[in-house]
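Each chain gets a letter, A, B and so on, in the order its sequence line appears, and its residues count up from 1.
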Protein chains: 2
Amino acid sequence: MTATDKGDTDAATPPRRASYANGERRRTELVEAAFRVFSERGFQSLSIRQIAQAIGVSHSLLLHHFGSREALIEAVLESRFERQAPDRETLLEERGLLDALPDLMRQNLELRGLIRLDATLRAEAVDADHPGHAHIARHRHNFFADVLAHLAVEQRRGRLRDGLDLATTAQQLTALVEGLEIAWLYDDTVDVAAHVEAFVALIRR
Amino acid sequence: MTATDKGDTDAATPPRRASYANGERRRTELVEAAFRVFSERGFQSLSIRQIAQAIGVSHSLLLHHFGSREALIEAVLESRFERQAPDRETLLEERGLLDALPDLMRQNLELRGLIRLDATLRAEAVDADHPGHAHIARHRHNFFADVLAHLAVEQRRGRLRDGLDLATTAQQLTALVEGLEIAWLYDDTVDVAAHVEAFVALIRR
DNA sequence: GTCTATACTGTGATAGAC
DNA sequence: GTCTATCACAGTATAGAC
């Protein structure tokens, strides 16, 4: 990450591990470069040639490493989720999803391009034959399952309203989060976190 | 429509109104044909050439009448909203938005392709320079304003929970509707109408 | 392994013939 | 009004340079 990385074996010549080919390293670099481009400019309107130009390589190189434009986008998405994962887990365990969610969303909204990417891909990948369909569907399902599990915990602790249908509530919360992202993209004065908080207050007893 | 077009002073064949050209008629036919295609197959994956083929005309003809693929899509969307408008107004006035909304959504979901079109366009037109941006933004804003107005009425009648922030609630309901459409597109067992109903119950006293 | 040049097909759009 | 070229650009695939 940092340019000042002196420990270890540091060198002008890249250190290689046995099992990882250099290709892996280069690929990661390209993913991060593309990540930066996407965060600023989104990806929807960018051709693979434009992306390559912004990074400073030929478009053929990107194709060589990723195989297709979609695969490149997927790789960037994947890295994005991984990057976020550690914080996410900590927050969830310490404070519970319902309380941590607003902060999690506040944090996400710092990367406008990425939110746009999520939202666009989500809508676009609805078709089962879209290249990113499986990836997005899995991600959505995992989020839904997380919400449902956390709701169950909250209910067991008696912190939810009586008579609440958990599956319904989980579905509502998922839809709310996704819908609010769109609303925020159209008007960034929309306070996503506050709306999520208000919903949580609504289902608490 | 007419192949026999000699001169408009004398020719008795097609009765024309002064301001409406025949082109208007043809355009409407094409919109309806495209509407049928979109309803079944969506539009995301269809090129303008494929749309033209499904209708049985050349792709240039569509371009001639609409100017661009986006404009064609917009025209179809527009006709769709107009088609729905009368029912909508009646329902809203008779029963109030909060109660009518679930039925309205049930009705909409009969046209899967159109819902997909709405959802996709909404995400895609987030960019201010997207051709459909103004159209979608206006439509979203109108819906939000409608919801807000109806909530105010409900509140005045004392039918809402105490201490509810109407702007927040309106934003939540809008996001919920849009988010649930996405959820339903990924899994059509999701009961959109029921979830909306449950949310309404949550904010009622 | 890393990278570029180039060619192939399909896209949205335009110009002009009938 | 409608169609047939034709355009520049897209994503992709391949061959080959270092």
| task | Could you pull out all residues at least two apart from B:S79 that satisfy side chain to side chain contact (heavy atoms under 4.5 Å, CB included)? | result | B:V31, B:F35, B:R83
| query | Which pairs count as salt bridge (charged side-chain N to carboxylate O under 4.0 Å, His left out) when at least one residue sits in residues 41-52 of chain A, sequence neighbours excluded? | reply | none
| query | Taking CD1 from B:I48 and C1' from C:dT14, how many angstroms apart are they, rounded to a whole number? | reply | 13 Å
| message | From CZ of B:R27 over to P of D:dG1, roughly how many Å is that when rounded to an integer? | response | 12 Å
| Rounded to whole angstrom units, what separation is found between the CG atom of B:L61 and the C1' atom of D:dA5? | 16 Å
| query | Are the side chain of B:Q172 and the backbone of A:H195 linked by a donor-acceptor contact shorter than 3.5 Å? | reply | yes
| query | Counting only non-hydrogen atoms, which of residues 116-124 of chain A are less than 4.0 Å from DNA chain C? | reply | none
| field | For A:L98, the option from A:V153, A:L151, A:L92 that meets side chain to side chain contact (heavy atoms under 4.5 Å, CB included) | value | A:L151
| field | Sorted by number, the residues of residues 52-59 of chain A with heavy-atom contact under 4.0 Å to DNA chain C | value | A:V57, A:S58, A:H59
| message | Regarding C:dG10, can its base be found pairing with the side chain of B:R49 as donor and acceptor, where the two atoms are less than 3.5 Å apart? | response | no
Can you give me every donor-acceptor pair (side chain of residues 138-145 of chain A, partner residue at least two apart or in another chain, under 3.5 Å) with its distance?
| unit_1 | atom_1 | unit_2 | atom_2 | d |
| --- | --- | --- | --- | --- |
| A:R140 | NE | A:E178 | OE1 | 3.4 |
| A:R140 | NE | A:E178 | OE2 | 3.1 |
| A:R140 | NH2 | A:E178 | OE1 | 3.3 |

| Between A:Y186 (side chain) and B:R122 (backbone), is there a donor-acceptor pair under 3.5 Å? | yes
| query | Is a salt bridge present between B:E29 and B:R26, judged by a nitrogen-to-oxygen distance below 4.0 Å? | reply | yes
| query | With a cut-off of 6.0 Å (strictly less than), are more than 12 heavy atoms of other residues, nucleotides or ligands near CD of B:Q53? | reply | no
| field | Residue-phosphate contact under 4.0 Å: A:R26 side-chain N/O, C:dC3 OP1/OP2 | value | yes
| said: Rounded to whole Å, how long is the line connecting atom CD of A:E29 with atom C1' of C:dT2? | reply: 11 Å
| query | Is there a donor-acceptor pair under 3.5 Å between the side chain of B:H59 and the backbone N or O of B:I48? | reply | no
| Taking the side chain from B:R27 and the backbone from B:H65, do they hold a donor-acceptor pair closer than 3.5 Å? | yes
| task | Report the nucleotide, chosen from C:dC3, D:dC3, D:dG11, that has the shortest atom-to-atom distance to any side-chain atom of A:S47. | result | D:dG11
| remark: Quick note, A:S60 side chain, CB onward, closest among C:dT4, C:dC3, C:dA7 is C:dT4
| query | Is the shortest distance from a Lys or Arg side-chain nitrogen in B:D188 or B:R112 to a carboxylate oxygen in the other one below 4.0 Å? | reply | no
| message | Expected output is a numbered-order residue list: members of residues 63-74 of chain A with a heavy atom under 4.0 Å from any atom of DNA chain C. What is it? | response | A:H64, A:H65
